[in-house]
Q: 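Take this structure first; my questions come after.
Numbered from 1 within each chain, the chains take letters A, B, ... in sequence-line order.
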Amino acid sequence: MTLNRRTMLKAGAVAAALPLLGSRAFAQTEPLKIGFVLVGTINDNGWNYAHNQARLYLEEQLGDAVETVYVENVPEGPDCERVLRELAQQGCKLIFATSFGFGDSVIKVAEQFPDITFEHATGYMRSANVGTYNARFYEGRAVCGTVAGHLSQTGKAGYIGSFPIPEVVMGVNAFVLAARKVNPEFTITPVYLSSWNDPAKEADAARAMIDQGIDVIAQHTDGPAALQVAEERGIVGGFGQGADMSAFAPNAQLTSIIDNWGPHYVKTAQAVIDGTWESKDSWPGLAEGEVEIGAYGPKVPEDVVAAAEAVKQGQIDGSLHIFTGPINDHTGTERVAAGVTLTDEELLSMDWYVEGVIPPA
Amino acid sequence: MQFRLEKRREPSRVVLYSAPLIAVLLTMFFGAIIFSAIGYDGVGAVREIFLTPITNSLKWQDLAVKASPLIIIGVGLSIAYRANVWNIGAEGQYIMGGLAATWVALLTHGMGGFWILPAMMVAGFLGGAAYAAIPAFFKTRLNVNEILTSLMLTYASVQLIYYLVRAPWKDPMGMGFPQTRRFASEALLPNIVPGTIVHAGVPIAIIVALVAWFVMSRSVFGYQVKVVGSAPHAARYGGFSENKTIWLALLLSGALAGFAGALEVSGPFQRMVPGFPTNYGFTAIIVAFLGRLNPLGVIFAGIIMAITFVGGEVAQTTIGLPSSASGIFQSMMLFFLLAGDILVRYRLKRVAPQGEARA
């Protein structure tokens, strides 16, 4: 056995040299092979579903010029590294890693494959061949918050999050800022599940918060579990996240934030094919159509739809930015002065809650 | 027609040791049929999952890295199970070992020194052993079933990670993401094959298995474990303490699981993250049985399990098999192994038919 292992280790060294041999530039006629790394399954009807829809859109738009593969249920850790290398070794020249926790792995693997382009969704670390992309979900959250502010009877919402990273914190804040423009007493309680996709925990958290008196629920996890509980318990409702989830909660889904990654994928693939790709951060929102607001549910009266659409339009034409002061933090101290708008950098490192958020213990 | 299981007086040694191989072959055979039946390329699935990782030299480093924690934990479990001590909570002990090592790494951050990594390894050993001491204490003092206590403690340890990485150990530069800072270079496990991901944990896993094999087959301790496990009454007459064996079995399996955790966090992970629990502790249970509770067998079993993981990802990218496929293959393997075990130890005997006898 030791002999075997020793031979294997030697071969490993040889193996390490192999990708160098394989990295010759592909002839123009060969399709660009594109890999997608997903943290959940494409059937989650949310985050990963949306990325897969965009992958299909990409295939449809660019046809024979591209070929795509995806790997599902990839844990955020060293396993991701292996999957990235697997895709690289199979000839992918462009790889999209679509979850925050893949960041370390992307940076590490990208170093080993300098001629492959990597794009990391929602990340913050870039290098020569690693770009990042995201969508301004907070703009959609502001629309949802407006609906919640109008419809909530208890004035209390729950927010099921994965991890308290800036992207999620930003969503919680945008939601409650918008809701408090309608109902100044509105509060929101976030809970963090340390997972992007754990339907059982999401449902448990939703039930517990409903028992504590919330009547609107929002979630920043990948699936419709919380909405299903909202439907079952008959509270005012919740919001689809990532995709329209009305199939799971026809009454409870008030509206949904739809991630439309397709155009970004087409643009990025085309840039790689043309040789014009460069490492940068891309962060479009409602105006560019990367974030969309889905259909409004049957419980949302027309005047509320009009109010929500006004918030949406304001963000599209630039007349409204939800993070424009005055904004107080959750202790009541002013953090953003009147008329000042937080910069993108400030938003991307946001680690504080606005007034109205009841911080988790 | 009815059947009854009748114990064989002397199970054939050849069959006993070839059962895992037969289980793997049956898994491949039925796997191909099942996946063909639901519309995938079944033969291709088996080829990609079981053969590609072996034939494609690019995958060997992945196999080595994936197999080594499974082997280290599996060796510990195989000793415990030999003693009839059912430590199901290796995952928790693995986590506590990883956390103990992380604690040392964070405490010594910026100090420098060759002793940091060994200190982390010792911390891993102790962390895992200490966590396994809890079920050992309850088992020996209050006769509480160790299956329950060790399993439930796993969930407690997961929550401990979440707590630590969210507040006291949070990376100051991590944009609020719940993870510790990246370890300093003194706290990272060295790579032993340049240009690959093969780290020092790989040869260590083999050494652990060899030492364990030697101890189990050549020492009084090994003999004691086997006697207490297979014939507790005889052991008592022989003067072997059952409680002492329970303590040793749990501490040893816990320490090895903790050691694996320390290697993982200082090797592939390089920091503590909420995603640290990756079910190595649970998968190692299958590894221990697939390896016939023999440390040398565990080496092979660890590699086979690593093959199914790595191959599962290959099959996803090449023939579009869903990710749950590798789980199905692993479960089938355990099923055939356990079923095979029954048939190895027992024979199927027809009970006198009552009326409707069929050929």
Side-chain angles (χ1 to χ4, degrees), chain A residues 1-2 4-6 8-20 22 35 38 41-43 69-83 85-87 89-90 92 100-101 103-104 108 112 123-124 162-169 192-195 348-351 360, chain B residues 56-66 158-159 161-162 165-166 170 174-179 182 192-198 202-203 205-207 209-210 264 267-271 273-279 296 299-300 303 309-310 312-314 316-318 320 322-324 326-327:
Chain A
M1 189 54 217
T2 23
N4 272 349
R5 188 49 79 110
R6 222 177 278 146
M8 187 168 112
L9 294 180
K10 268 186 213 146
V14 179
L18 282 179
L20 303 174
L38 306 171
T41 73
I42 59 167
N43 303 321
V69 287
Y70 65 91
V71 185
E72 303 173 291
N73 270 340
V74 178
E76 297 179 322
D79 287 301
C80 170
E81 230 177 292
R82 191 174 62 242
V83 171
R85 243 178 309 106
E86 156 79 23
L87 290 169
Q89 286 158 1
Q90 285 195 7
C92 291
F100 182 92
D104 281 355
K108 255 197 250 173
Q112 298 166 10
Y124 61 97
S162 49
F163 304 98
I165 52 175
E167 182 188 333
V168 177
V169 170
Y192 296 108
L193 302 181
S194 297
S195 165
L348 289 170
S349 57
M350 189 171 241
D351 60 355
Chain B
N56 180 349
S57 59
L58 292 172
K59 299 289 163 213
W60 295 346
Q61 46 172 329
D62 293 321
L63 290 184
V65 167
K66 190 87 188 167
V158 172
Q159 295 305 320
I161 297 189
Y162 293 166
V165 299
R166 272 182 197 174
K170 195 161 88 171
M175 309 285 282
F177 194 68
Q179 60 187 19
R182 193 169 175 272
I192 54 161
V193 185
T196 69
I197 54 164
V198 177
V202 175
I206 304 295
I207 295 169
L210 290 175
E264 273 305 287
F269 278 90
Q270 307 191 338
R271 62 165 109 219
V273 293
F276 183 68
T278 32
N279 286 345
L296 295 187
I299 299 180
F300 290 100
I303 295 173
F309 278 112
V310 174
E313 283 150 10
V314 178
Q316 276 196 67
T317 54
T318 53
S323 64
S324 29
S326 50

Q: Side chain, backbone, both or neither: which part of B:Ile207 has a non-hydrogen atom closer than 4.5 Å to chain A?
A: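 Neither part, no heavy atoms under 4.5 Å.
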Q: State the CZ-CG distance between B:Arg271 and A:Asp104, to the nearest 0.5 angstrom.
A: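 It is 4.0 Å, given to the nearest 0.5 Å.
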Q: Here's a test for you: under side-chain contact (heavy atoms from CB on, under 4.5 Å), which of A:Val83, A:Leu87, A:Val74 qualifies with B:Glu313?
A: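 With B:Glu313 as partner, A:Val83, A:Leu87, A:Val74 yield a single side-chain contact (heavy atoms from CB on, under 4.5 Å), made by A:Val83.
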Q: Decide, yes or no, whether a salt bridge links B:Asp62 with A:Arg85 under the criterion of side-chain N to carboxylate O below 4.0 Å.
A: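 Result for this pair is yes, salt bridge flagged.
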Q: Name the region of A:Tyr124, side chain, backbone, both or neither, that has any atom closer than 4.5 Å to a heavy atom of chain B.
A: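 Contact with chain B: side chain only.
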Q: Given a strict heavy-atom distance threshold of 4.5 Å, which part of B:Arg182 is in contact with chain A: side chain, backbone, both, or neither?
A: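 Contact with chain A: none, neither part.
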Q: Heavy atoms only: give me the nearest B:Arg166-A:Ser194 pair and the separation to one decimal.
A: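 It is NH2-OG, 2.8 Å.
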Q: So for B:Val314, is it side chain, backbone, both, or neither that comes closer than 4.5 Å to the heavy atoms of chain A?
A: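 Both backbone and side chain of B:Val314 come within 4.5 Å of chain A.
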Q: Where is the tightest heavy-atom contact between B:Pro268 and A:Glu81, given as atom of each residue plus distance?
A: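 Answer, listing the atom of B:Pro268 first, then A:Glu81: O-OE1, 4.2 Å.
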Q: Check each atom of A:Phe100 against the heavy atoms of chain B and say whether the ones under 4.5 Å are side chain, backbone, both or neither.
A: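 Just the side chain, heavy atoms under 4.5 Å.
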Q: Mind checking whether B:Lys66 and A:Asp79 have side chains closer than 4.5 Å, heavy atoms only?
A: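 A side-chain contact exists here, since the closest heavy-atom pair is under 4.5 Å.
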Q: What is the distance from atom OG1 of B:Thr278 to atom CD of A:Glu76, rounded to the nearest 0.5 Å?
A: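 Taking OG1 in B:Thr278 and CD in A:Glu76, the distance rounds to 12.5 Å.
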Q: With a 4.5 angstrom heavy-atom cut-off, is it the side chain or the backbone of A:Gln90 that approaches chain B, or both, or neither?
A: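 When you check distances to chain B, only side chain atoms of A:Gln90 fall under 4.5 Å.
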Q: Looking only at heavy atoms, what is the nearest atom pair of A:Phe163 and B:Pro178, with distance?
A: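 Distance-wise, the nearest heavy atoms are CD2-CG, 3.4 Å.
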